[in-house]
Amino acid sequence: VGGYTVQEYGDPDAFGHRRKASVGEALSIEIRARTGEESIVSDLTYDLRSGEADFVDKMIATTFGNIAMDACFDGKSGLMAALVNGCYTLVEIPDPKLGPRRVDIETMYNTDRYRPNYGKKFGLPIFLTHA
Amino acid sequence: MPRLRIGILTGGGDVPGLNSVIKEVTYRAPKTIARFTVSAAAGRGLTHVNLDDPASKENYIRPLSRENTRTIDRFGGTVLHSSRTNHRRCASCPVSLRRRFPEERRDMGHEQTGDRQSLQAETRLPDRDRRRRHAELRREARQTRRQGHRHPEDHGQRRPQHEYCIGFSTAITRATAAIGDSAAPIGSHERIGIFRVFGRDAGYTALYTAYVTAIRCCIPEFTVNLEKLIDPAAY
């Protein structure tokens, strides 16, 4: 069976949409049904967003803010501070029509073991992706 | 130096590190600047402020200064309290924009009543809104091409030209810590640990968390085989 459609529950709202079950809970139910194993589900989504910034984010955010202000003082606009090839720079603001950037499955994801690829990282920037 | 009017546009919700950006911009600005803020729920500063009403301005606009931003980078979360939603479905028309748009263009969806039921409905908006927005963008792209124009993807700009968004490191750090903290209870009770992280459209957070914690991950870019995922022999 390839893939899984998250279940919906509850009454539809004014727009006809029902609430979606947590994908973690759904997987937990499937595991118990298929193997009898119990699982513990933790939803970390909001915890990830709300924490105090760590060293990397404080450093990069502080630098981004200053680069943006330098650009303002230089009369530049339509740009945003960014990291490209591991270096600070200014780039054009991405067109929202492009949508989110996706993980490159071929190089970053092991589709046999459902794990990240650890090999062949030589020469990549620190965050392992090229702009 | 000419007078500068500076706005800080946050893409979606707030992220760890944004306080640092706000502080730095404030510190580098020659004089006090102002920003929109919120009084209660879900980022209503921009859509609800009435610039002609002093009480409304007092409620939704907070001047930034060195004094009130000096320590904001020390705290978790952010000071904006904004949240992503579909601008087409917020208030009937932001008060601040009514002078710019004729009556017939003000319909942006539904009226916000501010009552509890409406607030609960708003909390469910983002996921739906994001999917609808993506559908809209795909439609716009098709229309652009049908009209003989080139879409941004046709210009070779197939993805954003940058490789880091602030808040990403903090997210991975916190996910790693949470998973580490859960290892003992999960192990001692002989359970399977399942951790849900954000990333409906892109699996970077799940992938990098798995990278540093050496666990398996499911990402939206790849459809997993459920039997294989659950099979203990495949570990």
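Both backbone and side-chain heavy atoms feed into the values below; hydrogens, waters and symmetry mates do not. A, B, ... follow the sequence lines: proteins, then strands. Residue 1 opens every chain.
Checked for salt-bridge contact, B:Glu24 and B:Arg28 miss the test: no charged N lies under 4.0 Å from a carboxylate O. Using a 4.0 Å cut-off between charged nitrogen and carboxylate oxygen, A:Arg32 and A:Glu37 do not count as a salt-bridge pair. A salt bridge links A:Glu52 and A:Lys58; the closest N-O separation between the charged side-chain nitrogens and carboxylate oxygens is under 4.0 Å.
Annotation: B:Tyr211 is in aromatic contact with A:Tyr118 [ring centroid separation under 6.0 Å]. Remark: aromatic rings of B:Tyr208 and A:Phe127 are distant, center separation not under 6.0 Å.
Of the two parts of A:Ile126, neither the backbone nor the side chain holds a non-hydrogen atom closer than 4.5 Å to a non-hydrogen atom of chain B. Of the atoms belonging to B:Ala175, heavy atoms from both backbone and side chain fall under 4.5 Å from chain A. Using a 4.5 Å cut-off between heavy atoms, A:Leu44 touches chain B through backbone and side chain atoms alike. Proximity to chain A (any heavy atom under 4.5 Å) is restricted, for B:Ile215, to the backbone atoms N, CA, C and O. For A:Met108, the parts lying near chain B are the backbone and the side chain together; criterion is any non-hydrogen pair under 4.5 Å. Heavy atoms closer than 4.5 Å to chain A are found in the backbone of B:Cys218, but not in its side chain. Contact of A:Asn110 with chain B is not made at all, since no heavy-atom distance falls under 4.5 Å. Proximity to chain B (any heavy atom under 4.5 Å) is shown, for A:Tyr114, by both the backbone and the side chain.
Residue with the most contacts toward chain B among A:Val41, A:Asn117, A:Val56, A:Thr62: A:Thr62 (heavy-atom pairs, distance under 4.5 Å).
Counted by atom type alone, A:Asp54 and B:Ser169 present one or more donor-acceptor pairs between their side chains at under 3.5 Å.
Side chain of B:Ser188 to main chain of B:Pro185: a donor-acceptor pair is present (N/O by atom type, distance under 3.5 Å, no hydrogens or angles).
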